[in-house]
Amino acid sequence: MPASPSGPVTSRTRSWWGWGYTDAHPDDAECVALGALLPGTPGRPLPVPRVADLSIGRPGVTPPNALAHLVTTDPGVRAAHAMGKAYRDVIRALRGRPGRIPDLVARPTDDREVADLLDWAGGRGVAVIPFGGGSSVVGGVEYRGDAHRAVLSLDLTSMDRVLEVDTVSRSARIQSGALGPVLEAQLRPHGLTLRHFPQSFEFSTLGGWLATRAGGHYATGRTHIDDFVQSLSVVTPAGPGTSWRLPASGAGPSPDRLFLGSEGALGIITEAWMRLQERPHHKASASVAFADFQQALEAVRAIARSDLSPANCRLLDPGEALLSGASHDGSSVLVLGFESATSPVDDRLASALDVALAHGGRGGHSGRGGHSGLGGTPAADGGAPADTAASAWRSAFLRMPYLRDGLARMGAVVETFETAATWDRVPSLIDAVRTEVSSVASKATGHPATVNCRLTHVYPDGAAPYFTVAVAGRPGDEVRIWDDIKAAASEVLHRYRATITHHHAVGRDHRPGYDLQRPDPFALALRAAKDALDPHRILNPGVLID
């Protein structure tokens with residue numbers, strides 16, 4: 001059954017240098033107010049960067065006439081495709097040093113055009129950087145180095161249709177360039193949803209989620225996009241391929257697993273059959289305060305080991321709770337949310353609250369019928385959050401990337417990173433990160449640093465801590481300081497055998513940590529796959545492997 005060919009249209013302007021929409025960025029006064037929270041920041045913000053002030057050279061290559069209609073050399077478009085949205089990217093743009101700007105930006109509309117662009121690029125030695133929403137925070141959509149004569153950014157957002165909906169099997173065939181809101185708008189008339197809401201939902205695509213193994217809406221159970229995949233269609237320089245659409249299979253190594261998380265280094269994911277759900281009608285949320293963070297960890301571990309399966313089970317430490325407005329008395333806050341398409345969830349919420357209160361929690365303020373504060377998007381379901389702390393956290397969660405950019409304009413260094421470890425190591429890992437990373441940040445800047453933590457996803461055997469580091473920087477030296485913080489964080493994670501990334505992907509920024517985490521025989525197999533599928537080494541050079 002074909003779906004509607006068009007999703008929601010917005011006239012709002014995307015920022016070429018920072019997060020999201022330009023009209024949502026903090027103004028100068030808000031930037032100054034943010035800077036006042038960090039001792040050592042200057043009294044006024046850096047100016048908003050302009051494309052006109054960049055040095056953008058002429059393209060180093062010209063596409064053939066047969067492909068010229070797919071390609072643009074517009075300076076503004078090229079600048080917007082030069083990098084992702086990590087702090088490192090934002091501060092480079094603010095300082096007028098965005099890095100290598102692509103020579104060309106192409107927007108194919110089907111698999112054949114993708115294949116033709118790859119054929120041409122391979123024959124000319126042109127690097128191809130796959131690009132969806134551009135929300136990468138790990139250097140995944142930029143070119144570094146000088147090994148290629150030119151760089152082509154392959155923007156897939158013109159391939160944004162839900163092509164088929166199978167209501168019997170409750171799945172859909174979707175083009176990879178569909179942004180989150182565009183995808184959901186086309187599924188809504190069928191009463192179905194993919195129900196994958198990462199923080200970047202508005203500004204990221206299905207293909208980006210698949211290529212980075214993105215984590216989404218669910219804090220337990222189906223936490224990653226992997227869990228929703230039935231089949232993938234991929235175009236590689238060696239040819240196209242489509243896996244069989246199956247509910248499950250034990251037939252050898254999974255072909256889908258080769259490309260999930262491959263970050264465009266092995267091929268371009270162009271379509272996917274995705275498992276869908278009925279839209280949830282029953283929702284309930286609650287928040288519980290804890291005076292002791294360790295008791296809060298124990299409460300979360302107990303809930304994760306139960307069969308309650310909350311959609312949201314996010315624990316905020318005191319700093320994170322204060323920053324989001326969920327608590328102002330030094331408490332940690334656990335935000336719980338349950339949802340179902342078929343039956344009420346009040347009993348499940350009540351049982352989870354009993355567990356939390358038995359571990360020293362207090363309050364248990366709850367609400368029903370509203371959005372459960374799950375960190376998706378205001379447009380996801382509508383409704384007003386019923387629990388004040390959950391509502392405050394969700395609002396802050398969606399606003400946080402904009403505030404980070406405001407702090408960057410004040411010369412602050414703001415880094416976020418996430419990981420996952422087994423429960424036996426989680427408490428000491430969190431303590432080590434707080435102590436060691438804050439020490440490195442303070443020594444590098446001469447200013448006091450703040451390190452906050454929240455748990456974003458939890459499992460019966462472990463959890464995914466997410467850290468935010470903020471410190472006043474030194475003018476012009478922000479990238480080096482950011483690199484020092486990143487290196488210190490990676491060293492702690494490696495020492496505790498915690499993953500270099502739970503859901504942000506590897507890109508170029510996490511390569512050193514990924515190289516240490518990856519088994520040597522797997523590295524050999526990955527390099528062999530790269531040689532076979534991308535013989536000219538044009539696809540996203542430097543990502544995952546050299």
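Predicted model, so just to flag it, every value in this text is computed and none were measured. Just the heavy atoms: all of them, side chains too, but no hydrogens, waters or symmetry mates, feed the values below.
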Chi angles and distances behind the ring-ring contact (aromatic ring centres under 6.0 Å, His included) call for Tyr21, Phe203: CA-CA 10 Å; Tyr21 296 114; Phe203 312 113; 5.1 Å; yes
Does the distance from a Lys or Arg side-chain N to an Asp or Glu carboxylate O, for Glu415 and Lys486, drop under 4.0 Å? yes
Okay, side chain of Tyr143, backbone of His148: is any donor-acceptor separation there less than 3.5 Å? yes
Do Pro59 and Arg78 come close enough that some side-chain heavy atom pair is under 4.5 Å? yes
Regarding Glu436 and Arg495, does a basic nitrogen lie under 4.0 Å from an acidic carboxylate oxygen? yes
By side chain to side chain donor-acceptor pair (under 3.5 Å), Asp484 pairs with (sequence neighbours left out) Arg480
Pair Tyr496, Thr419: side-chain N/O donor-acceptor within cut-off below 3.5 Å: no
Look only at the side chain of Arg425 and the backbone of Arg497, and say whether a donor-acceptor pair between them is shorter than 3.5 Å. yes
Roughly how far apart are Ile268 CD1 and Asn540 CG, rounded to 0.5 Å? 8.0 Å
Look at Lys530 together with Asp534 and state whether they make a salt bridge at an N to O cut-off of under 4.0 Å. yes
If you define the side chain from C-beta out and look only at heavy atoms, does anything of Arg518 sit under 4.5 Å from Ile545? yes
Is any side-chain heavy atom of Val543 less than 4.5 Å from a side-chain heavy atom of Ile129? no
Would you give the length of the straight line joining atom CG of Asp405 to atom CG of Leu407, rounded to the nearest 0.5 angstrom? 9.0 Å
With a 3.5 Å distance limit and no angle check, can you tell me whether Arg508 reaches the backbone of Gly139 through a side-chain donor-acceptor pair? yes
Asn312 versus Glu339: any side-chain heavy-atom pair under 4.5 Å? no
In terms of ring plane angle, is the pair His503 and His224 parallel, tilted or perpendicular, where the classes change at 30° and 60°? perpendicular
With the side chain counted from C-beta on, respond yes when Ile538 and Val126 share a heavy-atom pair under 4.5 Å apart, and no when they do not. no
Look at the rings of Trp209 and His196 and say which category their plane angle falls in: under 30° parallel, 30 to 60° tilted, over 60° perpendicular. tilted
Any ion pair linking Arg537 and Asp546 (charged N to carboxylate O, less than 4.0 Å)? no
SB check Asp227 Arg275 (cutoff 4.0 Å): no
Just by distance, with hydrogens left out, do Glu271 and Ser176 show a side-chain donor and acceptor under 3.5 Å apart? no
In the structure I gave you, are the side-chain heavy atoms of Trp17 and Val90 within less than 4.5 Å of one another anywhere? yes
With Arg222 as the cation and Tyr218 as the aromatic partner, state whether NZ or CZ is under 6.0 Å from the six-membered ring centre and within 45° of the axis. yes
Can you confirm whether the side chains of Ser254 and Asp256 place a donor and an acceptor under 3.5 Å from each other? no
For Arg88, does its backbone N or O pair with a side-chain atom of Arg92 as donor and acceptor, under 3.5 Å? yes
Donor-acceptor under 3.5 Å (Glu478 side chain, Gly473 main chain): no
Tell me whether the centres of the aromatic rings in His504 and His510 are closer together than 6.0 Å. no
I'd like to know if the side chain of Arg14 reaches the main chain of Gly133, judged simply by a donor and an acceptor atom lying under 3.5 Å from each other, with no hydrogens or angles considered. yes
Charged N to carboxylate O below 4.0 Å: is that the case for Arg314 and Glu320? no
Could you tell me whether the side chain of Thr41 and the main chain of Gly35 form a donor-acceptor pair under 3.5 Å? yes
Check for a donor-acceptor pair, side chain of Ser438 on one end and backbone N or O of Thr435 on the other, with a separation under 3.5 Å. yes
Salt-bridge criterion met for Arg409 and Asp28 (N-O under 4.0 Å): yes
Donor-acceptor contact present, side-chain Glu184 to main-chain Leu194, <3.5 Å: yes
